[in-house]
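Shown next, in structure tokens, is the structure this report addresses.
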There are 2 protein chains.
Amino acid sequence: MSSIHSHSKKNQSLTKNQRIVLDLLQNSGEPLKAYFILDSLKKEGLNSPLQVYRALDKLVELGKIHKIESINSFIICNNSNCASNTAFTICERCGKVKEIKNKYLKDSVSDLVKDNQLEITRYNLEFYVLCKSCKIN
Amino acid sequence: MSSIHSHSKKNQSLTKNQRIVLDLLQNSGEPLKAYFILDSLKKEGLNSPLQVYRALDKLVELGKIHKIESINSFIICNNSNCASNTAFTICERCGKVKEIKNKYLKDSVSDLVKDNQLEITRYNLEFYVLCKSCKIN
DNA sequence: ACCTCTAATGTTATACTATTACATATGTAA
DNA sequence: TTACATATGTAATAGTATAACATTAGAGGT
């Protein structure tokens, strides 16, 4: 299932470290911590925290992953191009994290920006919730 | 202007450690880091990180201060009763932090909640901005 | 090809942030 | 008073992240 990618100048391919970190986050789908990533990828050749953090930094910069500040974890981006803007729900009971992506949030934020005359460059929104399955049980 | 009876009623129930940490944050008005607080209050008898973190935890729980997750810092609460909900702007250039407090934000969040059928227990919103003075220069 | 510049790598050491564990003390209510 | 919850003090340790330095790999221009 591998395909040949055509890379433009701006869309350069990932390096080995960046790729294996991204792959791990992609396959996991849930937020992972830097040192967990390090442990998981020891066999792939990652030896030091810095290698992980550098890959994570780059991937965040590229908008491919997000950092969830309140739990010091990183998660694959589920939107196509949210850049550095992030909005998550985090279940207070089970810790499950979901990325919020809807037009309504965008509108709310834009309105908020206008209302406060803010020049918002990016945002990080963390909503603590009781998720559906935890609400039932 | 100093008086032995100068403690306001709402802070009476705090313990000594909680009080000196709160006072420092109140007088500072800007976000402070735990170990900075520790250093600042060595002369008041604070000796270990744990003493600081315990005081901070309690003050957060009481809604008197907030933690700003993305900078691992704590700031005095500027609202009267926002409990565990926090919304801040953080200047990307100078690092200045301001707490957002207006009805509009509340409305935006409530609408968002309805729209997503979320049961939000609390939230932490961090908006990175270019503040007014940094915008000028 | 060569040169050059930038970005990424590898490694060690260290800084920064936060909690565990345990013993002791203090405040509050029955 | 007794009992219980909460707060304290202290030491050790866990968890998160970056500094500094030497080296290597890649992309672009000539």
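Naming convention: chains lettered A, B, ... in sequence-line order (proteins, then strands); numbering from 1 in each chain. Because the structure is a prediction, the values reported are computed rather than measured.
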d(CD1, I71(A); P, dT17(C)) in whole Å | 19 Å
Do T89(A) and Y128(A) have side-chain atoms, one donor and one acceptor, less than 3.5 Å apart?
-> no
Answer yes when K42(A) and E44(A) have at least one side-chain N-carboxylate O distance shorter than 4.0 Å, and no when they do not.
-> no
E99(B) side chain vs N78(B) backbone, donor-acceptor pair below 3.5 Å = yes
Are any of K16(A)'s side-chain N or O atoms less than 4.0 Å away from OP1 or OP2 of dT9(C)?
-> no
To the nearest Å, how far apart are L56(B) CG and dA18(C) P?
-> 9 Å
Using whole Å, report how far CG of D57(B) lies from C1' of dA7(D).
-> 13 Å
To the nearest angstrom, how far is F36(B) atom CZ from dA15(C) atom P?
-> 19 Å
Would you say the side-chain atoms of T86(B) and N124(B) include a donor-acceptor pair closer than 3.5 Å?
-> yes
How many Å lie between NZ on K42(A) and P on dT11(C), as a whole number?
-> 12 Å
Do Y53(B) and the base of dT19(C) stack face to face, with centres under 5.5 Å apart and an angle between planes under 30°?
-> no
N72(B) side chain near dT16(D) phosphate (N/O to OP1/OP2, under 4.0 Å) | no
May I ask you to decide if I71(A)'s main-chain N or O and S73(A)'s side chain share a donor-acceptor pair within less than 3.5 Å?
-> yes
Any side-chain N or O of Q18(A) less than 4.0 Å from the OP1 or OP2 oxygen of dA8(C)?
-> yes
When you check the phosphate oxygens OP1 and OP2 of dT9(C), does a side-chain N or O of T15(A) lie under 4.0 Å from one of them?
-> yes
Rounded to the nearest angstrom, tell me the gap between atom CG in L14(A) and atom P in dG26(D).
-> 14 Å
What do you reckon, do Y35(A) and the base of dT16(D) stack, with centroid distance below 5.5 Å and planes below 30°?
-> yes
Shortest side-chain distance from P49(B), nucleotide among dA18(C), dA17(D), dT20(C) | dA18(C)
Could you state the atom-to-atom distance from CG of L50(B) to C1' of dT17(C) in whole Å?
-> 13 Å
For dG9(D), take OP1 and OP2 only and decide whether either is under 4.0 Å from a side-chain N or O of N47(B).
-> no
Think K33(B) has a side-chain N or O under 4.0 angstrom from the OP1 or OP2 of dC16(C)?
-> no
Has Q51(B) got a side-chain N or O lying under 4.0 Å from the OP1 or OP2 atom of dT8(D)?
-> no
Out of dA18(C), dA17(D), dT10(D), which nucleotide sits closest to the side chain of S48(B)?
-> dT10(D)
Judged by nearest nucleotide, the residue sitting upstream toward the 5' end of DNA chain C, F74(B) or R54(B), is F74(B)
Between N17(A) (CG) and dA7(C) (P), how many Å, whole number?
-> 17 Å
